[in-house]
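Shown next, in structure tokens, is the structure this report addresses.
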Amino acid sequence: MPMEKNFDAAAAEARISALWQEKKVGAAGANAKVGPKGEKPQAFSIMIPPPNVTGSLHMGHAFNNTLQDILIRWHRMRGHDTLWQVGTDHAGIATQMVVERELAKAGAPSRREMGREAFLAKVWEWKDQSGGTIINQLKRLGASCDWDREAFTMSGNFPDAVIKVFVDMYNKGLIYRGKRLVNWDPHFETAISDLEVENVEVAGHMWHFKYRLAGGETYEYVERDEDGLVTLRETRDYISIATTRPETMLGDGAVAVNPSDARYAPIVGKMVHLPLCDRLIPIIADEYPDPNFGSGAVKITGAHDFNDYQVAKRHGLPLYRLMDTRGAMRSDGAAYDVAVARAREIAAGAEASEAEVDALNLVPEKYRGMDRFAARAAVVADINALGLAVTVLVKEIDEDTGSEHLRLEPVVEAKKIMQPFGDRSKVVIEPMLTDQWFVDTAKIVGPALEAVRSGATKIMPESGEKTYFHWLENIEPWCISRQLWWGHQIPVWYGPSATKGEDGVTSFNMSERIAICAATEAEALERFATLYGTKPTVIASPPTDRDLAKAYESNLTAKTLIAAFAADTAGLGAGAGILVYRDPDVLDTWFSSGLWPIGTLGWPDQTPELRKYFPTSTLITGADIIFFWVARMMMMQLAVVDQVPFNTVYLHGLVRDAKGKKMSKSLGNVIDPLEIIDEFGADALRFANAAMASLGGTLKLDTARIAGYRNFGTKLWNACRFAEMNGVWEGHSTQTAPPAATATANKWIIGETAKTLLEVNSALEGYRFDQAADSLYKFVWGRVCDWYVEFAKPLLVGEHAGETRATMAWVLDNSMILLHPIMPFITEDLWGQTGAREKLLVHTDWPDLSLSLVDSAADTEMAWVIGLIEEIRSARTQMHVPVGLKLDIVATEMDAAAKAAFARNEVLIKRLARIETLTHGAAPKGSISLAVDGASFALPLDGVIDVAEDKARLSKAMDKLAKEIGGLKGRLHNPNFVASAPEDVVEEVKSNLEAREEEAAKLTAALKRLSEIG
RNA sequence: GGGCGGUUAGCUCAGCGGUAGAGCACUACGUUGACAUCGUAGUGGCCACUGGUUCGAUCCCAGUACCGCCCACCA
């Protein structure tokens, strides 16, 4: 059956994709070959960066996975034992967000209304229903993963692996719990890590407040200029502070000034009235305030600002939390006056635990329950009303009377501020004092740094290493607990602390919880039982605040504790025993995806896959997750199994639109890879991806370019179609060895094929996907299609017909093979439609060709032939000779080599240059001249020729030559050049000059002749 | 504020010490038996600027300008 005129991408992709999956062509180890002496095949493995289970394929995925698939297919064809591990990530926040949104849309009860268990069931339902989307989209892209090994960070052995790592790290002291100031997302009501915070510059304001000195004290406030001259002296009863977040003043613990700041030296150590609050706070000296910024005095709110937190820690200031989990001013706890009374005692030195300080709600009644932004407005208004705002005199003109008067107005500076936003929620992040779990990254960062420094893991491009070092060398503790439900629940159980009294009676204290970290609940219970002497009961949720309050108020004994809990929890009857509960938090998604390499390979079991494919060969991922994921995988794998997770990390940038803009829904410039595949085919998209994958460049995707590569596929298709129509594949199956060729064109293209193979190999070895694509494009279109197929047309009917058929089949087979990693569909389809094939292309062996196939004589000769044809064509076009008109040609001068070359390729030259006959002799009247290496020709164009135009043509050629000759001569006349440049360079310049001068002489002669005519 | 990168044809990008490249776009011609998703021939560059190193610089070095990206606690 003859081939169709065009490749039907949609039909072929569906058919071939199904075929690959049916044959499991991507299975681990498929096509692996043992060496000639029985050596084990070399292993090659890639871990897919697991997409979010709820996600769908975007251009970044398409790009990223194309590169992975190119490497995988290349190695697989080379007979390596190849694994491309596929799977998805449970993506805690993102997935929980999606499901919550879906529930809301469907009018279903909210997450909190339905409770943890029911909600998680819904998430699983959602996962089962839509989790396969992106996997199927990867298949459409042509990804040849081992689909049977699809992993999920919440399924199979993965949860056990994650828990085991947590327990091990906990036991080694690499994970700890602590009350720290963390980034709190008031929308999702969870802590997030530093990396999940995006700092964005927004328009903000700075307010200036006066805090009055206690007891009506005053001081001399003196400002001086650089020379020490007094510029302002006044008696003040206040200190002025500036803030962009007025609402946090309710939790101030002090006002800080720089110890070197003479203006405030007299009042350091004194107390000031905190406005709107019934409290006094001290003025302290600390290096943190910059005397040259603002008033030089900073309010210190330890529980709501990271800088202030450090200052507060240094000075032992109490940290008063002002907000609840939703970012509203607290309304819990005791009444304001009660809380203030206690706060004063604490300020005066009363003993107070961290927990107690945290439980104190110092928000005055009027602000309680207000959203933080409403509270800000209220605080500002109230301060203004109290006359405690720093004011400035403004001139006001009465519009009616035209009279001027002066008025005092609060200073509100408009100011650009960097504001933190949650990367998922997009709401303003609140620094919040909470109990969280942390990885003590400082303890595990060393090996991760060393691995890259030593080259055990190579990061490409190199600039990625600098970024990696910079971050890891300044690493902060990693907050890994999230107050979410979807995720790996932290394997820690809490129970009351137990002390055995001298009387042998154990007493319990719920305000002092003890934590037991264990892989399973059973193990945790056993350990509690040992501790308590009796087996406790596990309750689903932690004790309520009320329970804790009770526990705090009365120093409970075992009996009362049990009673208190039994009455209030989960319908458990009295006497249920000592109650323990599991930490309700889940782990940061990146904690589990940090274990992706070993987790997907079956760890902690020493599976054959783990032995064979770990450490993995290459990680290909976006540079945007170098910290989130790459660095953490390095740290985690090294901490857990003491091996690097990958040998090479290839980082790439964000895929942008044709103009270099980020793709975003709001800009409307998002290119959907699936639409591109529908329109141009997956191969075209893949080729475009490969072609733009230069190291370190920005990735700008232009659909015009994709269309160009679709055309490239068509070009290849039609070359094959031509070959197939001419029976090129008849009578032989795939030939590994190149055919013995005698015709120069055949010898030449065989050598070109070998060169291309070596270029592709070296490009892919260096992760230069762009160079591989470029080599193939130039080879297939620029040499095979543009020249070889044309040369073959006459050769296919003459004495060389047999070898030409064999050569063309071999060349096209190799084209398909070499292109297959980049364009798998069209090549697989062509493979099936041409020749008798033993196996699918995807499992066909990658060729092993050597440069000995390059026949330099054939190369030189074909270059000469191509040059001559181009000269003739160019002259014809410029002389407006109709394409259909065949001309005669006269050789006016020809050396032996040129004669032989012409003779051997006469049919080719005549056909492609549209020449009728060749004669030798003098240039006839009215002919145009052309010069090539070793020969001059005349094209008789009597009557056709336009003398003026031909003169212009020759002059232009002369100009170009003269410029080149000038440059070459200039260099040779420079004694320093001849003396210093390498000999071969000098020789090359000399021979170049000779050739150019010879050409120029011919052109000059031609011009002279032309003048004689004209 | 710190770090990293970029500036080459109208556009998007390669190249990187020895005569400037590709794709797209553009111009002219063309249905020559694979291909109009095509062919042939063309047009188009002080390789950002200024110095330096060198026999020679788009390429190496220094500085300048502009443009990106990442990190960062100035209240």
Side-chain angles (χ1 to χ4, degrees), chain A residues 3 5-7 194 199 206 241-245 248 256 288-290 292-301 305-310 415 417-418 431 461 463-464 466-467 470-471 474 623-624 626-627 653-654 658-660 680 684 688 691-692 694 696-705 707-726 768 770-771 774 777-778 782 785-786 789-790 793 870 873-878 880 882-884 911-912 914 960 963-968 970-971 974-982 985-986 988-989 992 996:
Chain A
M3 283 171 64
K5 205 166 168 183
N6 285 309
F7 172 60
D194 302 346
N199 290 301
M206 194 150 78
I241 58 95
T243 180
T244 55
R245 303 206 47 202
T248 63
Y288 165 58
D290 175 356
N292 299 315
F293 184 84
S295 67
V298 185
K299 64 190 263 314
I300 301 299
T301 318
D305 182 284
F306 286 98
N307 291 314
D308 294 5
Y309 180 74
Q310 296 302 332
K415 189 176 178 346
I417 53 172
M418 290 299 272
S463 62
K466 292 184 187 168
T467 313
H470 188 257
W471 190 68
N474 298 287
D624 53 330
I626 181 168
F627 309 135
L654 237 57
K659 295 265 151 56
F680 301 107
M692 64 183 187
S694 65
T698 46
L699 307 169
K700 295 182 194 170
L701 187 68
D702 189 353
T703 47
R705 206 164 166 194
Y709 294 129
R710 184 265 325 264
N711 299 352
F712 173 66
T714 308
K715 191 74 184 173
L716 171 72
W717 179 271
N718 278 290
C720 292
R721 178 163 169 265
F722 168 80
E724 201 266 349
M725 287 190 307
N726 284 281
R768 290 304 303 264
D770 58 326
Q771 287 177 355
D774 192 50
Y777 189 97
K778 285 183 170 138
C785 293
D786 285 350
V789 170
E790 296 305 322
K793 283 173 185 172
E870 283 176 340
R873 282 174 171 174
S874 181
R876 289 178 59 119
T877 303
Q878 283 171 66
H880 305 298
V883 177
R911 183 189 170 99
L912 293 184
R914 303 199 67 74
K960 205 179 156 198
K963 211 174 136 193
E964 285 181 32
I965 290 169
L968 294 167
R971 286 205 264 161
N974 180 345
N976 288 327
F977 171 72
V978 184
S980 321
V985 172
V986 178
E988 200 189 329
V989 170
N992 262 343
R996 292 293 91 83

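Quick caveat: nothing in here was measured; it's all calculated off a predicted structure. Atoms considered below: every heavy atom in the structure, side chains included; atoms not considered: hydrogens, waters and symmetry mates.
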Fill in: Shortest non-hydrogen contact between A/A719 and A/C785, atoms and distance
CB-SG, 3.7 Å
Item to complete: Could you list the residues that satisfy ring-ring contact (aromatic ring centres under 6.0 Å, His included) with A/F977, not counting sequence neighbours?
Response: none
Response to the item:
Of all heavy-atom pairs linking A/R876 and A/R914, the shortest is NH1-O, 2.9 Å
Worksheet entry | Interatomic distance where CG belongs to A/D624 and P belongs to B/rC69 [whole Å] | 13 Å
Worksheet item: How would you label the contact of A/R996 with the nucleic acid (heavy atoms, under 4.0 Å): base, sugar-phosphate, or nothing?
Response: base
Worksheet item: With sequence neighbours excluded, what pairs up with A/E790 under the salt bridge (charged side-chain N to carboxylate O under 4.0 Å, His left out) test?
Response: A/K793
Item to complete: May I ask you to say what A/C720 touches in the nucleic acid, namely base, sugar-phosphate or nothing, with a heavy-atom cut-off under 4.0 Å?
Response: nothing
Discussion item. A side-chain contact here means heavy atoms from C-beta on lying under 4.5 Å apart; do A/N718 and A/N6 qualify?
Written reply: yes
Worksheet item: Say you pick atom P in B/rG17 and the same atom in B/rA25; how far apart are they, in whole Å?
Response: 33 Å
Worksheet item: In what stems does RNA chain B take part, counting only runs of at least 3 consecutive Watson-Crick or G-U pairs whose two distances fall under 3.5 Å?
Response: B:1-7 with B:65-71, B:10-13 with B:21-24, B:26-30 with B:38-42, B:48-52 with B:60-64
Output one line per pair: protein atom, nucleotide atom from nucleotides 52-56 of chain B, and distance, for all N/O pairs under 3.5 Å.
unit_1	atom_1	unit_2	atom_2	d
B/rC55	O4'	A/N976	O	3.4
B/rC55	O2'	A/N974	ND2	2.4

Worksheet, complete the sentence: In terms of heavy-atom contacts, A/T703 and A/F680 come closest through O-CZ, 4.2 Å
Item to complete: Quickly work out the A/Y777 OH to B/rG23 P distance and round it to whole Å.
Response: 6 Å
Fill in: Nearest-Å distance once atom C1' is located in both B/rC59 and B/rC16
4 Å
Discussion item. Within the structure provided, determine whether A/V986 and A/R971 are in side-chain contact (heavy-atom separation under 4.5 Å).
Written reply: no
Worksheet item: Roughly how far apart, to the nearest Å, are B/rA36 and B/rG68 at atom P?
Response: 44 Å
Discussion item. A/K415: which residues meet the side-chain contact (heavy atoms from CB on, under 4.5 Å) condition with it, sequence neighbours left out?
Written reply: A/M206, A/F293, A/I417
Fill in: C1' atoms of B/rG45 and B/rG2, separation to the nearest Å
37 Å
Discussion item. Is it the case that the base of B/rA22 and the side chain of A/K778 share a donor-acceptor contact (distance under 3.5 Å, atom types as modelled)?
Written reply: no
Enumerate all atom pairs, one protein N or O and one N or O from nucleotides 15-17 of chain B, separated by less than 3.5 Å.
unit_1	atom_1	unit_2	atom_2	d
B/rG15	OP1	A/R768	NH1	3.4
B/rG15	OP1	A/R768	NH2	3.1

Discussion item. Can you measure A/K466 atom NZ to B/rG3 atom P for me and round it to whole angstrom units?
Written reply: 11 Å
Worksheet, complete the sentence: When rounded to the nearest 0.5 Å, the distance separating CD1 of A/I626 from CH2 of A/W471 is 9.5 Å
Worksheet entry | For A/V298 against A/D308, the heavy-atom pair lying closest together | CG1-OD1, 4.5 Å
Discussion item. To check you understand the geometry: which heavy-atom pair defines the closest contact between A/A691 and A/Y709, and what is its length?
Written reply: CB-OH, 3.4 Å
Discussion item. Protein within reach of the bases, or only the backbone? For nucleotides 70-75 of chain B, mark each nucleotide 5' to 3' as B, S or -, using heavy atoms under 4.0 Å.
Written reply: --BBBB
Worksheet item: What one-letter contact string describes nucleotides 36-44 of chain B from 5' to 3', where B marks a base within less than 4.0 Å of any protein heavy atom, S marks contact via sugar-phosphate atoms alone, and - marks no contact?
Response: SBSSSSSS-
Discussion item. Using atom C1' in both nucleotides, what's the gap between B/rG42 and B/rC49 to the nearest angstrom?
Written reply: 33 Å
Worksheet item: Expressed in angstrom and rounded to an integer, what is the separation of A/R876 atom CZ from B/rC29 atom C1'?
Response: 12 Å
Worksheet item: What is the nucleic acid contact for A/A719, judged by heavy atoms within less than 4.0 Å: base, sugar-phosphate only, or nothing?
Response: base
Discussion item. Assuming nearest nucleotide by heavy-atom distance, tell me which of A/D774 and A/A691 is located more 5' along RNA chain B.
Written reply: A/A691
Item to complete: Using the test side-chain contact (heavy atoms from CB on, under 4.5 Å), find all partners of A/A623 that sit at least two apart in sequence or belong to another chain.
Response: A/L651
Item to complete: List in chain and number order the residues that pass ring-ring contact (aromatic ring centres under 6.0 Å, His included) with A/F7, two or more places apart in sequence or in another chain; answer none if no residue qualifies.
Response: A/W717
Discussion item. Working to the nearest 0.5 angstrom, can you tell me the gap between A/N992 CG and A/I965 CD1?
Written reply: 10.5 Å
Discussion item. Give me the distance, rounded to whole Å, that separates B/rG63 from B/rC4 when you measure between the P atoms they each carry.
Written reply: 12 Å
Worksheet item: Taking the same atom, P, in B/rU40 and in B/rG23, what whole-Å distance lies between them?
Response: 11 Å
Discussion item. The criterion is salt bridge (charged side-chain N to carboxylate O under 4.0 Å, His left out); which residues satisfy it with A/D305, sequence neighbours excluded?
Written reply: none
Worksheet entry | Sequence-distant partners of A/R768, salt bridge (charged side-chain N to carboxylate O under 4.0 Å, His left out), two or more places apart | A/D770
Practice prompt. Check whether any side-chain heavy atom of A/K299 lies under 4.5 Å from a side-chain heavy atom of A/T248, and answer yes or no.
Written response: yes
Worksheet item: Taking the P atom of each, how far is B/rG18 from B/rC61, in whole Å?
Response: 15 Å
Discussion item. How many whole angstroms separate atom CE of A/M692 from atom C1' of B/rC24?
Written reply: 15 Å
